[in-house]
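Read the structure below first, then the notes.
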Amino acid sequence: MRENRLRTLWSEDKAAVNGWLAIANSFCAETMAHQGWDTLTIDLQHGVIDYQAMVGMLQAISTTATVPIVRVPWLEPGIIMKTLDAGAYGVICPMVNTREEAQRFVAYTSYAPKGTRSFGPVRALLYGGADYPAKANETIVRFAMIETAQALDNLDAILGVEGLDAIYIGPSDLSLALGCKPSFDDVEPKVAQAIDHIVARAKAHGVVAGIHNGRSDVAKARVARGFRFVTVSSDARLIAAGSQQVLAEMRQR
């Protein structure tokens with residue numbers, strides 16, 4: 001089966017730099033993949049991407065060594081299983097608030113006897129290889145998003161779920177849940193304290209910690225604090241930022 005380079009990076013205690021895809025276009029995904037991101041996440045939750053567009057984007061990413069990940073809209077077995085069948089090598093599930101929800105997530109992403117994933121890896125066989133069914137459980141990476149006050153209360157119970165590989169912090173939702181202004185980077189002290197607590201508890205449980213960032217300097221600082229999966233910006237934000245830079249330079253007198 002094709003190697004999941006994300007697991008290889010983590011086995012060497014290296015951080016993965018993750019790009020974010022919100023634009024429903026395979027050429028955009030292909031262009032991003034050819035820039036050398038360790039992983040790229042297709043966002044089905046807040047992006048403007050549907051399932052068919054996602055499949056084309058996964059195919060585009062497959063032209064490189066970049067690892068394809070998908071953030072699903074919700075903890076729902078149908079879309080999680082179809083995402084994996086399409087060839088995603090990692091799944092990020094939003095709003096995981098309890099141990100029971102984390103257990104369901106692991107079950108949906110795992111073939112029996114470990115879980116309840118239905119068999120039908122139509123494109124996953126092409127991407128992963130003929131032995132995909134035998135090795136998928138140990139190859140797929142499972143991220144539970146920690147972004148609510150309830151998840152913080154249940155943090156150790158969630159982190160203790162067997163088969164959960166990683167957690168992923170959404171700083172904006174976490175900020176809202178804690179009564180603060182939503183932000184990726186310049187979070188308020190209460191949120192910063194919660195983030196430090198989450199990464200410390202994840203490390204104690206042997207679970208990888210990931211987080212969403214808007215700026216590279218913030219992402220690098222968070223790697224130094226123990227995060228091993230850091231998202232920096234997104235395709236849409238990078239297009240906007242690049243355009244703004246060019247226009248500002250052109251309009252200088």
Side-chain angles (χ1 to χ4, degrees), residues 6 9-10 13-22 37-39 41 43 45-47 69 71-75 90 92-102 105 141-161 164-238 240-241 244-245:
L6 182 54
L9 285 172
W10 290 345
D13 195 30
K14 294 179 181 178
V17 182
N18 178 59
W20 202 258
L21 303 179
W37 298 90
D38 295 316
T39 58
T41 297
D43 188 7
Q45 184 188 16
H46 290 307
I69 298 173
R71 178 166 74 170
V72 294
W74 210 250
L75 179 61
I92 300 175
C93 184
M95 298 289 184
V96 175
N97 295 317
T98 66
R99 178 179 177 84
E100 186 270 338
E101 289 177 350
F105 175 49
V141 173
R142 304 156 180 86
F143 293 83
M145 290 198 72
I146 304 296
E147 49 189 348
T148 67
Q150 185 182 10
L152 277 176
D153 290 340
N154 295 317
L155 183 60
D156 281 297
I158 293 170
L159 291 169
V161 171
L164 184 66
D165 303 295
I167 55 93
Y168 187 72
I169 300 174
S172 292
D173 274 315
L174 184 60
S175 295
L176 286 172
L178 297 177
C180 301
K181 181 180 178 180
S183 174
F184 289 154
D185 302 321
D186 301 318
V187 296
E188 296 180 37
K190 186 177 182 180
V191 182
Q193 184 178 10
I195 289 172
D196 287 341
H197 173 66
I198 293 168
V199 70
R201 295 312 303 155
K203 185 175 181 179
H205 282 270
V207 174
V208 174
I211 190 166
H212 208 91
N213 309 270
R215 303 196 314 265
S216 57
D217 61 317
V218 175
K220 290 172 72 173
R222 285 170 172 167
V223 169
R225 293 212 301 273
F227 286 93
R228 291 295 177 264
F229 183 88
V230 287
T231 298
V232 186
S233 196
S234 69
D235 51 2
R237 289 176 181 271
L238 289 169
Q244 289 165 9
Q245 180 180 348

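Please read these numbers as outputs of a predicted model, since none were measured by experiment.
No side-chain heavy atom of Val72 sits less than 4.5 Å from a side-chain heavy atom of Gln45. Taking the side chain as every heavy atom from C-beta outward, Val232 and Arg215 never approach each other to under 4.5 Å. Contact check for Trp20 versus Asp43: side-chain heavy atoms found under the 4.5 Å cut-off. Residues Pro171 and Ile211 have side chains in contact (heavy-atom distance under 4.5 Å, counting atoms from C-beta outward). Here the side chains of Leu178 and Leu152 are in contact, with some heavy-atom distance below 4.5 Å. For the pair Ser175/Glu188, no side-chain contact is recorded, criterion being any heavy-atom separation below 4.5 Å from C-beta on.
The CG atom of Asp153 sits 10.0 Å away from the CG atom of Asn97 when rounded to the nearest 0.5 Å. For the atom pair Ile198 CD1 and Gln193 CD, the distance stands at 11.0 Å (nearest 0.5 Å). Of the inter-residue distances, the one linking Ile146 atom CD1 with Arg201 atom CZ reads 13.0 Å to the nearest 0.5 angstrom. Of the inter-residue distances, the one linking Ile158 atom CD1 with Glu101 atom CD reads 7.5 Å to the nearest 0.5 angstrom. We find the OG1-CG distance between Thr98 and Asn154 to be 6.5 Å, quoted to the nearest 0.5 Å. In this structure, the separation between NE2 on His212 and CG on Leu174 is 14.0 Å, given to the nearest 0.5 Å.
Between the side chain of Asp185 and the backbone N or O of Gly214 there is at least one donor-acceptor pair closer than 3.5 Å. Side chain of Asp165 to backbone of Arg142: a donor-acceptor contact under 3.5 angstrom is found. Side-chain atoms of Glu147 come within 3.5 Å of backbone N or O of Met95 as a donor-acceptor pair. Under a 3.5 Å cut-off, the side chain of Trp10 and the backbone N or O of Arg228 do form a donor-acceptor pair.
Here the options are Thr231, Asp38, Asn213, the test is side chain to side chain donor-acceptor pair (under 3.5 Å), and the partner is Asn18; only Thr231 passes.
Relative orientation of the Phe143 and Phe229 rings is tilted, given thresholds of 30° and 60° on the angle between their planes.
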request  = Evaluate side chain to side chain contact (heavy atoms under 4.5 Å, CB included) for Leu164 paired with Phe105, printing each intermediate quantity in order.
outcome  = CA-CA 8 Å; Leu164 184 66; Phe105 175 49; 4.2 Å; yes
task = Please lay out, stage by stage, how Ile69 and Leu6 fare under the test side chain to side chain contact (heavy atoms under 4.5 Å, CB included).
result = CA-CA 10 Å; Ile69 298 173; Leu6 182 54; 4.0 Å; yes
task = For Met145 and Ile92, run side chain to side chain contact (heavy atoms under 4.5 Å, CB included): C-alpha distance rounded to whole Å, both residues' side-chain angles, the deciding distance at 0.1 Å, then the answer.
result = CA-CA 7 Å; Met145 290 198 72; Ile92 300 175; 3.5 Å; yes
inquiry  = Please evaluate residues Leu159 and Ile167 with respect to the criterion side chain to side chain contact (heavy atoms under 4.5 Å, CB included), reporting the C-alpha separation (whole Å), side-chain torsions for both, the decisive distance (0.1 Å), and the verdict.
reply    = CA-CA 8 Å; Leu159 291 169; Ile167 55 93; 3.6 Å; yes
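For Val230 against Ala219, the heavy-atom pair with the smallest separation is CG1-O, 3.9 Å. Taking all atoms of both residues into account, the shortest heavy-atom contact from Asp235 to Ala22 is OD1-N, 2.9 Å.
Salt-bridge formation is not detected for the pair Arg222/Asp196: no Lys NZ or Arg NE/NH1/NH2 atom is positioned less than 4.0 Å from an Asp or Glu carboxylate oxygen.
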